[in-house]
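Order of listing sets the numbers, starting from 1, for every ligand and every atom in it. Note that these values count all heavy atoms, side chains included, but never hydrogens, waters or copies made by symmetry.
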Amino acid sequence: MLQLPDSPPRMKLPVSVEESYQLCRKITAKYAKTFYLGTLLMTKAKRPAIWAIYAWCRRTDELVDGPAAAITTPETLDKWEQQLESIFAGYPVDSFDVALVDTLQRFPMDIQPFRDMIAGQRMDLYRSRYENFEELYLYCYRVAGTVGLMSTAVMGVDTQQNTAPWNYYQPAYIPTEEAIALGIASQLTNILRDVGEDARRGRIYLPLADLAQFNYTEQDLFKGVVDERWRSLMRFQIERTRQFYSKAEKGISYLSPDARLPVWAALMHYSKILEKIERNDYNVFDRRACVPQWQKLRSLPLAWLRAQVL
Ligand SMILES: CC(C)=CCC/C(C)=C/CC/C(C)=C/CC/C(C)=C/[C@@H]1[C@@H](COP(=O)(O)OP(=O)(O)O)[C@]1(C)CC/C=C(\C)CC/C=C(\C)CCC=C(C)C
Ligand SMILES: [Mn+2]
């Protein structure tokens, strides 16, 4: 279980920067098979930075979603936010923070997306329904779009290619919206895959207005009814999610050349979950839509090709 430390900031830290990155690597490898594979395709300089970000995001999510979630209160998140401020001031509080402080020195980034993610996790403390897509979008931006912003700071943009040579003084295009779109698409995919699991915890992330549009009720969802209403509702959600993937795809060529393959790979692997849901005839209640590792590996050559030519 990932826990918050009780110790005050500025204490003598028990780990070196290298050891701290190893802790973050282990969390990434344990919790995120898809992303870990993606990070192995990154350069040696960028890879550990993504592990440090991943570990912080995962620990933030675990506060409201992990085994100790029952004892998480708004004050727990206040404390976590103070720890974040300390990290950004250059003072790691625990062994995992050491790597993040180092990452922030190497890849300067804004604190706001980190604060926004905590705000997203706060939403999980007090809400279990979303009236419409606008409300869900805000949640998705906070818990996932923010990851796109954090990661882009590490991935870097291609200053050589993304402006014409005669536009010397034109700043490089930073694909912020596209990076956010990849986060939103991934989170919507998570939501579609985990409908059954979330329902068992009394949570519905699908917008209630969408349920109503397809004449499907909360009771149907809790009973796990898979019929034509449900299939149509899921087709609609999958189509919306694919629009976000498609927006994200358009941003990848603006990233540094060495970052394009891992991002294409992550995008293709994650979006395959949608294909799995379709193949399972939209039954997300009894079957978890997961993509085996061999299928992810098989799609790498296509990801590589896209990274070269698109
Ligand atoms: C221009 C362009 C396309 C740039 C690319 C920018 C980029 C690399 C974006 C990555 C966006 C992304 C894949 C975000 C992850 C979204 C996500 C899955 C969020 C999850 C939230 C809560 O969901 P839930 O509780 O339902 O999920 P679990 O069942 O608990 O899993 C999160 C869990 C919030 C925390 C997010 C993470 C732990 C993921 C952090 C991932 C990275 C830092 C790795 C990104 C690296 C690569 C190679 C894509
Ligand atoms: Mn979670």
[Y] backbone acceptor or donor facing [X] side chain under 3.5 Å:
| X | Y | answer |
| --- | --- | --- |
| Tyr21 | Ala99 | yes |
| Asp97 | Val93 | yes |
| Ser20 | Ser95 | yes |
| Lys46 | Met155 | yes |
| Ser86 | Tyr91 | yes |

Checklist entry - Are any of the heavy atoms in Glu62 under 4.0 Å away from ligand 1? => result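 No; Glu62 lies far enough from ligand 1 that no heavy-atom distance drops under 4.0 Å.
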Next on the checklist: Check for me whether Met42 has a heavy atom closer than 4.0 Å to any atom of ligand 1.
Outcome noted: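 Yes.
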Those atoms of ligand 1 less than 4.0 Å from some heavy atom in [X]:
| X | result |
| --- | --- |
| Gly251 | 1 (C) |
| Pro175 | 1 (C) |
| Ala248 | 3 (C) |
| Thr152 | 6 (C) |
| Met155 | 8 (C) |
| Val143 | 19 (C), 21 (C), 34 (C) |

Do [X] and [Y] make the cut of ring centroids closer than 6.0 angstrom?
| X | Y | answer |
| --- | --- | --- |
| Phe88 | Phe114 | yes |
| Phe96 | Trp51 | no |
| Tyr139 | Tyr205 | yes |

Next on the checklist: When you measure from the centre of the six-membered ring of Tyr130, is the NZ or CZ of Arg127 closer than 6.0 Å and no more than 45° off the axis?
Outcome noted: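 Yes, a cation-pi geometry holds between Arg127 and Tyr130.
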Checklist entry - How are the rings of Phe35 and Tyr270 set to each other: parallel, tilted or perpendicular (split at 30° and 60°)? => result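 Parallel: the ring planes of Phe35 and Tyr270 meet at under 30°.
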[atom] - nearest protein heavy atom and its distance:
| atom | answer |
| --- | --- |
| atom 43 (C) of ligand 1 | Val147 CG1, 3.7 Å |
| atom 5 (C) of ligand 1 | Val263 CG1, 3.7 Å |
| atom 16 (C) of ligand 1 | Ala144 CB, 3.4 Å |
| atom 46 (C) of ligand 1 | Ile50 CG2, 3.9 Å |
| atom 45 (C) of ligand 1 | Ser151 OG, 3.9 Å |
| atom 35 (C) of ligand 1 | Cys57 CB, 3.6 Å |
| atom 10 (C) of ligand 1 | Leu182 CD2, 4.1 Å |
| atom 31 (O) of ligand 1 | Arg58 NH2, 3.2 Å |

Less than 3.5 Å between some nitrogen or oxygen of [X] and one of ligand 1, yes or no?
| X | result |
| --- | --- |
| Asp61 | yes |
| Tyr54 | no |
| Gln187 | yes |
| Tyr139 | no |
| Asp65 | yes |

Next on the checklist: Tell me which one of Phe222, Trp230, Phe236 satisfies ring pair (Phe, Tyr, Trp, His ring centres under 6.0 Å) with Tyr216.
Outcome noted: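 Answer to the ring pair (Phe, Tyr, Trp, His ring centres under 6.0 Å) test with Tyr216 among Phe222, Trp230, Phe236: Trp230.
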Checklist entry - If you take all heavy atoms of Pro207 and Asn132, which pair is closest and at what distance? => result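 In terms of heavy atoms, the two residues are closest at CB-C, 3.6 Å.
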Item to check | N, O or S of Asp65 under 2.8 Å from the Mn ion (ligand 2) | outcome: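 Yes, Asp65 qualifies, because one of its backbone or side-chain N, O or S atoms lies under 2.8 Å.
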Considering only heavy atoms, does [X] approach ligand 1 within less than 4.0 Å through its side chain, its backbone, both, or neither?
| X | answer |
| --- | --- |
| Met150 | neither |
| Asp194 | side chain |
| Tyr270 | side chain |
| Leu267 | neither |
| Leu255 | side chain |

Considering only heavy atoms, which of [options] lies nearest to [atom]?
| atom | options | result |
| --- | --- | --- |
| atom 18 (C) of ligand 1 | Asn190, Ile53, Val154 | Asn190 |
| atom 2 (C) of ligand 1 | Gly183, Ala179, Ala55 | Ala179 |
| atom 9 (C) of ligand 1 | Ala265, Gly148, Ala266 | Gly148 |

Checklist entry - Which is the closest N/O/S atom of Asp61 when seen from the Mn ion (ligand 2)? => result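 Nearest N/O/S atom: OD2.
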Does a donor on one side chain sit under 3.5 Å from an acceptor on the other, for [X] and [Y]?
| X | Y | value |
| --- | --- | --- |
| Tyr245 | Ser186 | no |
| Glu75 | Thr73 | yes |
| Tyr126 | Arg122 | no |
| Arg240 | Gln243 | no |

Next on the checklist: Count I, L, V, M, F, W, Y as connected when their side-chain heavy atoms are under 4.5 Å apart, and connections chain through other members. Are Leu302 and Leu255 then in the same cluster?
Outcome noted: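 Cluster IDs for Leu302 and Leu255 match.
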Checklist entry - Between atom CZ of Arg193 and atom SG of Cys290, what is the distance when rounded to the nearest 0.5 Å? => result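 With rounding to 0.5 Å, CZ (Arg193) is 8.5 Å from SG (Cys290).
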